[in-house]
Amino acid sequence: MKNHIVFLLFFCLCGTIGAQVEVTPEDSALVVQLLQKAKTERGDEPRMIYFGKQFLGLPYVAHTLENGDREHLIVNLHGLDCTTFVETVAALSLCDSYDQRTFKDYCQWLTTLRCRHGKMTDYTSRLHYFTWWGEDNERLGLVCQVYDPQVFVETQTIDVYYMTTFTKYYKHLKSNTQFVKKIGEYEKASKGQKFRYIPKRLLNMPQSSALGVIHDGDIISILTSKKGLDTQHIGIAFWEDGKLHLMHASSLYKKVVMDKTTFFDYEAKQPSHIGIRVYRGVKF
């Protein structure tokens with residue numbers, strides 16, 4: 001039944017977004033429902049917070065984008081990981097910002113956010129490392145990096161090579177040397193880039209301090225000391241009682257949560273996490 005649904009959506013939508021779409025009828029209807037509801041319910045709440053709350057309690061599910069043998073747009077609102085959660089919320093926020101309320105509008109924005117230069121071609125067009133995601137969407141004018149020299153006091157030097165070193169963990173790289181070669185070229189192009197970040201020791205500062213440069217709804221990229229990677233987790237920032245917290249699809253809680261633990265305390269328990277970079281929606 002699932003393959004039949006994908007087939008139908010391909011013929012309905014490929015002329016608009018240029019890609020086959022895998023989605024259940026329930027999820028496509030939910031997109032439209034959420035966008036219509038936002039017109040009257042959101043008020044002044046930041047879009048990333050408002051739409052993020054719509055998924056609280058949703059199960060954490062990893063590897064939802066690895067279905068099939070060919071790259072295609074997968075829309076899955078019944079199970080999210082940290083990246084698909086942020087992308088889903090950002091795509092809904094962009095639709096709402098432009099008063100675009102159809103499922104096709106949502107698919108177009110999701111493709112733009114998820115793929116290099118906003119165009120889906122094959123597996124290598126997906127923005128697999130979050131450094132690529134931030135850089136590409138900043139180039140498109142959709143996000144900007146947040147910065148304040150008082151708290152962004154450390155520098156991350158990019159050296160990503162995890163995907164091409166551990167191809168056995170990636171379904172589409174196991175038997176496709178051309179994909180491995182292309183991903184490797186992108187990895188090499190990123191090497192040596194430098195980005196300022198907030199070390200996790202400063203995340204206990206109050207909202208009234210320089211840390212207040214982070215706003216409700218900003219996208220948080222949690223950096224890692226693990227070799228070959230740049231980012232280990234992402235989520236959405238929110239403040240509560242003057243303390244920074246994270247809304248995210250959590251593998252620990254197995255669901256989407258507005259974490260009651262402060263971000264500082266959460267990070268203190270993650271030895272491989274070194275700090276954060278921050279992105280803000282420009283268009284949403």
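Just so you know, residue 1 is the first one in the sequence shown, and it goes up from there.
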Residues at least two apart in sequence or cross-chain that pass ring-ring contact (aromatic ring centres under 6.0 Å, His included) with Y161, listed by chain then number, are none
Set of side-chain hydrogen bond (donor to acceptor under 3.5 Å, both in side chains) partners for T102, sequence neighbours left out:
D105
Residues which pass ring-ring contact (aromatic ring centres under 6.0 Å, His included) with H128, listed by chain and number, not counting sequence neighbours:
Y123
Is any side-chain heavy atom of Q100 less than 4.5 Å from a side-chain heavy atom of W109?
yes
Pairing of R201 and E154 as salt bridge, 4.0 angstrom limit:
yes
In one Ile/Leu/Val/Met/Phe/Trp/Tyr side-chain cluster, 4.5 Å: F264, L202:
yes
Considering only NZ, NE, NH1 and NH2 on the basic side and carboxylate oxygens on the acidic side, decide whether R277 and E135 come within less than 4.0 Å.
no
Once rounded to the nearest 0.5 Å, what's the spacing between atom CG of L92 and atom CZ of R101?
10.0 Å
Among V257, I49, V89, the one residue meeting side-chain contact (heavy atoms from CB on, under 4.5 Å) with M247:
I49
Does the side chain of V278 come within less than 4.5 Å of V213's, by heavy atoms?
no
Verify same cluster id: L80, Y50 (apolar side-chain graph, 4.5 Å):
yes
So do L35 and F103 actually touch side chain to side chain, heavy atoms under 4.5 Å?
no
Could you pull out all residues at least two apart from L140 that satisfy side-chain contact (heavy atoms from CB on, under 4.5 Å)?
T112, D136, N137, L142
Listed once per pair and sorted, the side chain to side chain donor-acceptor pair (under 3.5 Å) pairs that draw on residues 167-180, sequence neighbours left out
none
Are side-chain heavy atoms of F130 and Y279 found at a separation under 4.5 Å?
yes
Less than 3.5 Å apart, any donor N or O on the side chain of Q54 or K37 sitting next to an acceptor on the other?
yes
Check for me, please, whether Y106 and F51 land in the same ILVMFWY cluster - side-chain distances under 4.5 Å, paths through other members count.
yes
Give every residue pair that meets the side chain to side chain donor-acceptor pair (under 3.5 Å) criterion with at least one member in residues 233-249, sequence neighbours excluded.
N204-K243, H233-H248, H248-D259
